[in-house]
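Here the structure comes first, spelled out in structure tokens, and everything after it is commentary.
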Amino acid sequence: MFDLVAQSVFSGLLAGAYYALIALGLALVFGTMRIINLAHGELVLLAGYIAYTAESRFGLDPLAALPAAIIIVALTSVIIYLLLTRIRVDREINSLILTFGIAIMLTNGILMIWSADIRSTTSGWYLDSIIIGDTLFAMNTEILFAVIGVLVVGAVWWWLSKSWYGRALRAVSSNRDAAKLMGIDPRTTEILSFAVAGLLASIAGIALYSGKVIEPSLGHSLTIKAFIITVLAGLGSVPGVLIGAVLIGVAESLTATLWSSALQGLVSMLLFLIVLLVMPSGLFGRTRRRG
Amino acid sequence: MAKLLEIDKVRAGYDAINVLWDISLTAEEGKLTCILGPNGGGKTTLMRAIMGLIPLRQGAIRFGGKDISNVPTWNLVADGLTMIPEGRMIFRDMTVEDNLLIGGFTRRCRANARANLEMAYSTFPRLKERRHQLASSLSGGEAQMLAMGRGLMEEPKLILVDEPSLGLSPLLTDEVMAILEQLKAQGRTIILVEQNTHKALKIADHVYLVRGGKVVLSERKEDVDMDRLHDLYFARDVAANRQDA
Amino acid sequence: DELIIGSQIPLTGSAARAGMGMNEGIQVAAKVFNETNGKHTVKVITIDDESQPAKAVAAIEQLNAQGALAFTGGYGSNIIGPASDAAERLGKVYMTSGGVATELSQRGLKTFFRISNATGYAKALAGLSDTLDLQSFSLIYSTRESTAEVAKLLEEIWTAEGKKVTLHPFDPSIADFKPVLHKIKLQDRPEAIAMVGYENDYVGIIRAAKVLKPDAKAIMGTWSLATPKMWQDFPDLMNNVYGTAPLPYPAQFNTPEEQTFAEAYKEMHNKEPDYLGIFGYVQGLLLFNAVAEAYDAGTLNSGGVQDALRKTEHDTLIGKVIFDESGDNTNFAHRMAQHQDGAVAIVWPKESATAEARFPAVPW
Amino acid sequence: MMKYLSLIIILAGAYLAVPLQFGGNDYVIGIVVSALTIAGIAVAWAMLGNLGGMISFGHSAFFGVGAYGSALLAMNAGLPVFPSILAGGVIAGVVSILTMPTLRLRGPYFALAMLAFAEIFRILAIEMRWLTNGSGGLLSIPRLPTVFGFDFGSRLGGYFVVLTLVLLTVFVYWLIRNRPEGLALRAMHDSEDATLVVGVNATRLKAAVLVVSAFLTGIMGAFNAHYINFLEPDYAFNGSWTTLAIVAAIFGGYKTLWGPVAGALIVYLVDQFVFKAIMPSGHQLILGGLLAAIVIFSPSGLLPWLASRFRKEAGDAAHP
Amino acid sequence: MLLTLDHVTVAFGGLVAVSDVSFSVSEHEVLGLVGPNGAGKTTLFNAISGLARPSKGKMTFCGHDLTGIPIHKRARIGIGRAFQVPQPMHELTVRENLIVAQHFGTGHSNPGKIDEILDLTRLGHKANRDAASSLALTEQKALEVGKALATNPRMLMLDEVLAGLETNGKRAFMQTLDDARQRFGVALLMVEHDIETISNTCQRVLVLNFGKLIADGSPEEVFRNPEVIRSYTGGETA
Ligand SMILES: Nc1ncnc2c1ncn2[C@@H]1O[C@H](COP(=O)(O)OP(=O)(O)OP(=O)(O)O)[C@@H](O)[C@H]1O
Ligand SMILES: Nc1ncnc2c1ncn2[C@@H]1O[C@H](COP(=O)(O)OP(=O)(O)OP(=O)(O)O)[C@@H](O)[C@H]1O
Ligand SMILES: CC(C)C[C@H](N)C(=O)O
Ligand SMILES: [Mg+2]
Ligand SMILES: [Mg+2]
């Protein structure tokens with residue numbers, strides 16, 4: 001029994017780090033611009049397919065596809081931003097439609113280019129098992145991307161809270177005109193943030209491709225997962241993303257172990273609701289003063 | 001004295017309404033120019049127009065002889081022109097300290113950011129007590145201090161200050177006026193919009209009265225006649241208060 | 001004469017993968033029919049149902065408006081249900097292989113026909129396990145309709161035979177199967193692991209099993225598993241895995257019919273046929289022949305197609321097809337195959353076996 | 001007066017011209033019924049979104065509950081179909097009370113909490129096999145009946161029913177919107193404290209629109225169950241009921257009364273009749289492009305855009 | 001007594017913003033509340049109107065114990081509130097703002113009174129046109145007062161509604177407020193940093209410093225208090 005639970009928690013932690021990678025790009029854009037990028041999951045997926053092409057066509061290792069993925073995905077992300085800036089009125093709401101439209105286009109584009117077959121890495125190393133202390137089992141890729149995930153969360157957190165551009169980005173999101181008065185060009189900072197979101201999506205995409213199975217219709221559920229975690233974290237909180245993701249990961253995994261995989265979704269959604277009802281602005285959300 | 005800022009027959013406003021009507025005004029280098037005027041006269045709008053936050057519909061603005069009519073706000077700031085807006089324009093979702101630090105965003109000031117931060121804290125000790133608190137939790141006056149402190153991080157040549165005393169206690173209002181005088185002594189140029197006529201006139205060199213989007217009076221401080229100033233204020237009030245009579 | 005047949009199929013959306021496979025088979029059937037019939041040709045009009053029930057219904061109605069004499073296609077019982085209802089209302093035959101839920105043939109429809117059903121799949125797995133004399137199972141299945149149904153049938157069969165079965169349902173959105181496999185490894189300790197799901201589920205389960213290496217003698221699954229494609233895409237996962245399959249690979253096409261099919265398929269799609277292609281082909285050809293027969297008899301509008309389908313046995317690539325009153329193929333029985341180093345060898349039933357089963361053997 | 005006239009013309013067109021023109025074509029009518037179903041959800045959604053400032057990502061929860069409620073009542077309790085549709089709506093309304101703790105959440109927090117409910121209901125529908133038959137779903141749900149010789153179970157019959165339901169939904173929205181309660185609700189959007197201190201019981205008002213919106217959505221779900229005669233958890237609680245409705249509402253202009261209806265009709269009909277004809281599979285690619293293009297060119301939605309175009313043209317004509 | 005506060009304390013985490021404050025307000029009284037920035041004046045208003053919950057102490061209004069009474073009910077029993085940072089109902093026009101306030105604050109509608117309030121606050125010319133969010137700051141403050149008046153309050157809490165007005169504007173506004181007070185019979189509890197205005201209008205002044213009530217008395221008395229001078233006025237008098 002102990003082994004069972006230990007492995008379950010371990011799997012949950014790894015799953016959590018992976019979820020955090022998926023969610024981080026969305027959380028960044030949402031936290032700083034209040035824009036829900038409904039095409040985020042498709043960006044992740046796109047990176048996965050780029051890795052697939054690199055591997056199946058050119059025999060490249062999935063990680064070696066990262067530069068190409070970053071260029072293409074970050075560019076796509078920036079294009080989404082440039083389109084978003086053309087919306088003049090009610091940007092928070094209208095961005096839903098715009099990014100939804102883009103998501104549909106990406107899904108169908110991916111379907112046309114890569115067909116509906118399922119894809120996943122064939123590079124043996126990623127899938128080989130690694131055994132820790134005789135009782136904990138994982139795939140190499142899970143450990144690798146869990147480590148990368150934690151590092152990336154740390155890096156993004158540092159960037160947002162301590163660097164000049166990160167601070168500028170938060171300033172722009174808080175009060176655009178005031179930010180201009182500080183000498184900040186809002187467009188540059190926002191482009192930067194979308195590019196970073198694209199970069200994060202690329203890393204997530206490689207993690208996805210090298211550990212799970214991809215197919216063209218997957219994007220939507222990735223977006224939803226990312227969004228749930230972002231909200232659970234508390235909008236704009238980067239450490240919250242990691243903690244929220246791990247919470248969901250462990251809850252899912254424990255449900256599967258102690259109860260049934262069929263109820264994973266039920267339990268994680270209930271957990272989500274309970275957290276929100278106790279903390280209406282998420283785990284690390286901040287409430288505004290009244291009056 | 002050199003004219004640091006020249007505003008030449010500027011028209012500007014919001015969507016359907018025009019607020020500024022061919023307004024002209026200059027600020028001399030190293031001096032404190034005070035803009036007075038009744039509420040809704042367009043003083044804030046004028047500052048926003050200077051800073052490029054709203055587009056000019058007509059006219060031109062020159063800064064140090066260079067036309068800045070179409071220069072984006074952030075470039076103006078980089079060139080040393082800045083505005084300290086009213087306290088509502090702080091970054092509510094950031095901590096007090098981050099608010100201050102971002103004031104030193106321009107490349108020019110980044111190196112001095114830490115030193116300037118300490119300076120802002122020593123000017124407004126209240127802010128230091130609240131440094132890790134979210135700006136949104138500040139009281140009205142504290143927010144006003146924050147806006148002021150943030151502006152001090154920028155090391156500008158020309159500062160536009162919009163009603164710095166708004167919501168400040170009498171003691172702090174005096175403090176703020178003293179800071180402005182000090183800045184002037186450091187050779188900076190200041191344009192001050194203020195409702196507290198009394199205190200503003202004490203430190204001003206030149207006075208403009210803006211009403212209905214137009215300049216109705218432009219005088220050196222020495223020449224200001226308080227009664228006439230009041231009359232000019234009244235001109236509008238009498239009209240607006242018709243119903244009460 | 002040219003006979004118009006409507007094909008309602010998911011080419012986009014969640015069922016696109018299967019839909020495309022089935023569509024390839026139907027296209028081959030049309031080609032073969034047109035080249036061999038001599039008297040009639042068929043024109044297949046295909047409409048994408050986008051994997052959505054309401055659009056499938058609309059597709060049927062649109063095909064009807066375009067003059068379709070009968071319908072084929074469909075993947076997923078949830079979509080086939082309302083689509084075949086719509087066909088019934090129009091009084092035209094609906095022929096499929098993509099919906100296996102038992103309930104579909106319990107609705108008392110007159111025009112609904114299918115060549116495959118859940119029982120056939122369950123029987124195949126149960127049959128193989130009898131032959132291998134397996135006594136205890138961990139059954140991992142998706143909570144989707146058809147998968148849950150096959151799992152339920154399997155459980156019934158095995159329990160009736162006095163074997164031990166532990167159920168592990170999972171939600172279709174699950175990707176990490178390690179917790180389940182770990183439970184199986186430590187608690188169930190079964191002789192065999194059985195899976196009812198789809199490609200992505202199989203890949204996830206086998207990967208988790210490769211990591212955790214439970215001590216089982218065999219791992220088996222249902223559709224979409226023992227296919228050349230799975231071997232091609234996931235060679236390291238598939239060796240020794242059992243799954244249902246109508247034909248072995250490399251295909252040994254013995255009868256002339258099988259050969260025609262294989263050639264036409266290669267020519268059109270430039271690849272080896274897989275089971276969905278075969279099913280699509282069989283259902284297509286059955287329907288075309290029946291429509292042609294009814295057309296000749298002038299009974300198109302008086303139930304001629306149904307009668308043609310019901311009255312005789314049909315020899316097809318997947319064996320004899322016999323439709324009962326409710327349109328189910330009572331003779332449907334699947335074969336079990338095993339991935340053997342790149343080959344898909346039929347190992348059950350004995351009479352069609354192309355190789356010995358490797359046992360005990362798992363991919364890890 | 002002009003306004004009423006155009007309303008009458010539209011109504012006459014909807015009840016008379018469309019059936020006369022397309023009545024015989026089940027395919028066309030079927031698509032229009034689907035579009036109107038989305039329209040109904042879109043209006044109910046926009047009511048909550050515009051009036052309550054509550055953007056919900058989980059309206060499929062109410063759609064599914066209404067559908068299952070009505071189908072089960074009709075199948076197991078033998079309730080006639082029309083009353084059971086009404087009951088389906090009531091059940092959805094009652095179930096929305098369960099979701100009321102979410103009313104204290106704002107913006108995205110609320111949106112996703114509703115999504116969580118939809119997901120929970122979907123899984124419950126799978127797991128509560130004794131009631132719902134699990135993922136096997138319900139087949140052969142009773143059709144709409146024949147009343148006074150008119151078969152409401154036909155495509156055309158379904159059209160009249162759903163059209164009436166959508167119009168009633170719009171009417172309810174209109175009623176609420178024009179009362180001070182409607183104003184207060186709209187105000188609550190981004191100034192909840194401002195409304196509280198003048199005496200608005202914000203929670204109660206929000207709860208009330210939530211119930212009404214859930215009821216109306218549930219009715220659409222119930223109608224759909226009897227129209228398509230089939231239900232399963234993935235279908236009834238499918239996220240696309242919400243997504244399509246949101247897209248339709250925002251696309252058409254979610255702050256207007258008729259925007260959601262127009263949006264649903266245009267998005268669905270253009271996609272199915274035009275784009276699908278151009279590009280039989282993958283036509284959603286064009287749809288995606290259209291959606292993106294419209295928000296860029298007309299951010300407040302299609303209807304306001306058309307209105308401004310119309311006004312402009314009228315103006316241009318007046319001053320050549 | 002209209003309002004009584006009995007040892008009220010409000011804290012945010014470790015920060016005590018209002019500390020053990022007791023006072024009362026009688027009908028029709030005009031009471032000033034002053035103090036340095038961050039002294040807790042707005043927080044005190046929040047506690048009375050229900051936006052902040054006191055950790056200690058008791059408040060009664062017109063005989064109602066305020067503990068546990070939700071915000072909207074407090075408005076209905078006669079507590080009116082104008083925010084320091086104006087909070088217009090953004091999407092509505094000025095008139096609609098007032099209609100909502102009246103309908104919910106009083107339970108009935110009276111268009112005549114709304115026109116009266118529009119006159120009083122000089123917002124008549126902007127009543128129907130624009131969304132309230134496009135008003136200038138001073139106009140938004142006037143609207144704050146208007147909304148509070150529309151609820152038919154027995155006590156009006158004004159949080160720096162005069163800030164930003166020039167001297168004449170202040171005088172005129174005070175005049176209209178006094179009119180309103182007499183016409184509608186309300187008590188005023190006002191926060192203001194302008195000593196002249198406070199001295200001219202208030203019968204009684206309360207002074208807060210660091211959350212504590214440090215003085216309570218007539219303006220002359222209070223502004224002569226050395227502690228008040230040191231912490232607040234710096235010697236400035238009217
Ligand atoms: N964002 C806006 N949109 C539309 N009109 C505005 C906006 N901001 C200000 N106005 C209008 O422009 C006019 C001038 O406003 P402005 O704020 O410039 O006046 P001001 O002189 O700064 O007054 P105050 O003393 O109240 O600060 C006012 O009539 C106001 O209603
Ligand atoms: N939600 C909150 N969280 C943390 N601190 C708060 C919060 N609200 C208020 N404060 C702090 O409480 C103190 C009192 O604030 P309050 O707004 O009551 O002051 P005030 O007397 O109204 O000042 P001003 O004259 O500047 O408006 C301030 O120091 C403020 O920073
Ligand atoms: C064998 C498969 C074609 C069955 C299909 N997966 C269904 O949903 O019924
Ligand atoms: Mg101003
Ligand atoms: Mg205050």
Side-chain angles (χ1 to χ4, degrees), chain A residues 27-35 85 88-90 92 157-193 230 233-240 281-282 284-291, chain B residues 15 47-48 50-54 71-95 97-111 113 133-140 142-143 146-147 150-151 153-156 159-160 162:
Chain A
L28 176 68
V29 167
F30 190 28
T32 56
M33 260 162 279
R34 290 293 177 273
I35 282 171
T85 55
R88 300 253 172 273
V89 191
D90 225 352
E92 284 178 29
W157 174 80
W158 179 88
W159 182 65
L160 264 184
S161 57
K162 298 278 187 269
S163 78
W164 282 107
Y165 265 94
R167 220 180 266 135
L169 185 56
R170 285 184 291 136
V172 170
S173 87
S174 182
N175 189 328
R176 212 182 171 77
D177 273 354
K180 291 183 192 166
L181 290 176
M182 303 299 111
I184 300 166
D185 175 359
R187 259 174 98 85
T188 314
T189 42
E190 288 180 344
I191 286 180
L192 189 65
S193 118
T230 303
L235 300 184
S237 165
V238 173
S281 342
F284 290 82
R286 296 147 159 189
T287 43
R288 287 194 154 196
R289 110 167 229 173
R290 306 170 83 177
Chain B
D15 299 329
M47 297 210 152
R48 295 171 63 84
I50 297 172
M51 291 310 296
L53 290 174
I54 54 172
V71 179
T73 311
W74 47 93
N75 288 342
L76 294 180
V77 176
D79 289 346
L81 173 58
T82 197
M83 167 175 171
I84 299 181
E86 39 156 334
R88 287 188 304 172
M89 276 179 79
I90 54 174
F91 301 113
R92 297 170 60 86
D93 313 303
M94 294 165 70
T95 61
E97 182 148 312
D98 277 345
N99 261 275
L100 291 171
L101 283 173
I102 202 71
F105 178 80
T106 51
R107 283 186 195 288
R108 214 157 30 81
C109 326
R110 281 188 205 176
Q133 215 165 297
L134 278 194
S136 65
S137 72
L138 296 181
S139 81
E142 288 165 345
L146 182 58
R150 187 181 62 182
M153 301 280 299
E154 274 183 44
E155 309 177 10
I159 323 176
L160 314 176
D162 194 6

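The chains referred to below are lettered A, B, ... by the order of the sequence lines, with proteins before strands, and numbering in each begins at 1.
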Side chain, backbone, both or neither: which part of B:Ala147 has a heavy atom under 4.5 Å from chain A?
neither
Chi angles and distances behind the side-chain contact (heavy atoms from CB on, under 4.5 Å) call for A:Ile184, B:Ile102
CA-CA 9 Å; A:Ile184 300 166; B:Ile102 202 71; 3.8 Å; yes
With a 4.5 Å cut-off on heavy-atom pairs, point out which of A:Ala168, A:Ala178, A:Pro186 contacts chain B the most.
A:Ala178
Selection from B:Pro72, B:Gly151, B:Gly104 maximising heavy-atom pairs under 4.5 Å formed with chain A
B:Gly104
Side-chain contact test, heavy atoms from C-beta onward, threshold under 4.5 Å: evaluate it for A:Met182 versus B:Val77 and give yes or no.
no
Taking 3.5 Å as the threshold, show me the donor-acceptor pairs across chain A and chain B, one per line with distances to 0.1 Å.
from	atom 1	to	atom 2	distance (Å)
A:Arg167	NE	B:Asp98	OD1	3.3
A:Arg170	NH1	B:Asp98	OD2	3.1
A:Arg170	NH2	B:Asp98	OD2	3.0
A:Ser174	OG	B:Arg92	N	3.1
A:Ser174	OG	B:Asp93	N	3.4
A:Ser174	OG	B:Asp93	OD2	3.3
A:Asp177	OD2	B:Arg48	NH2	3.2
A:Arg286	NH1	B:Asp93	O	3.1
A:Arg288	NH2	B:Asp93	OD1	3.1
A:Arg289	NH1	B:Ser137	O	3.1
A:Arg289	NH1	B:Leu138	O	3.2

Contacting region of B:Ile90 [heavy-atom separation from chain A under 4.5 Å]:
backbone
Side chain from CB out, backbone as N, CA, C, O: work out which of these in B:Met83 comes under 4.5 Å of a heavy atom of chain A, or both, or neither.
both
Heavy-atom distance under 4.5 Å to chain A: side chain of B:Leu138, backbone, both or neither?
backbone
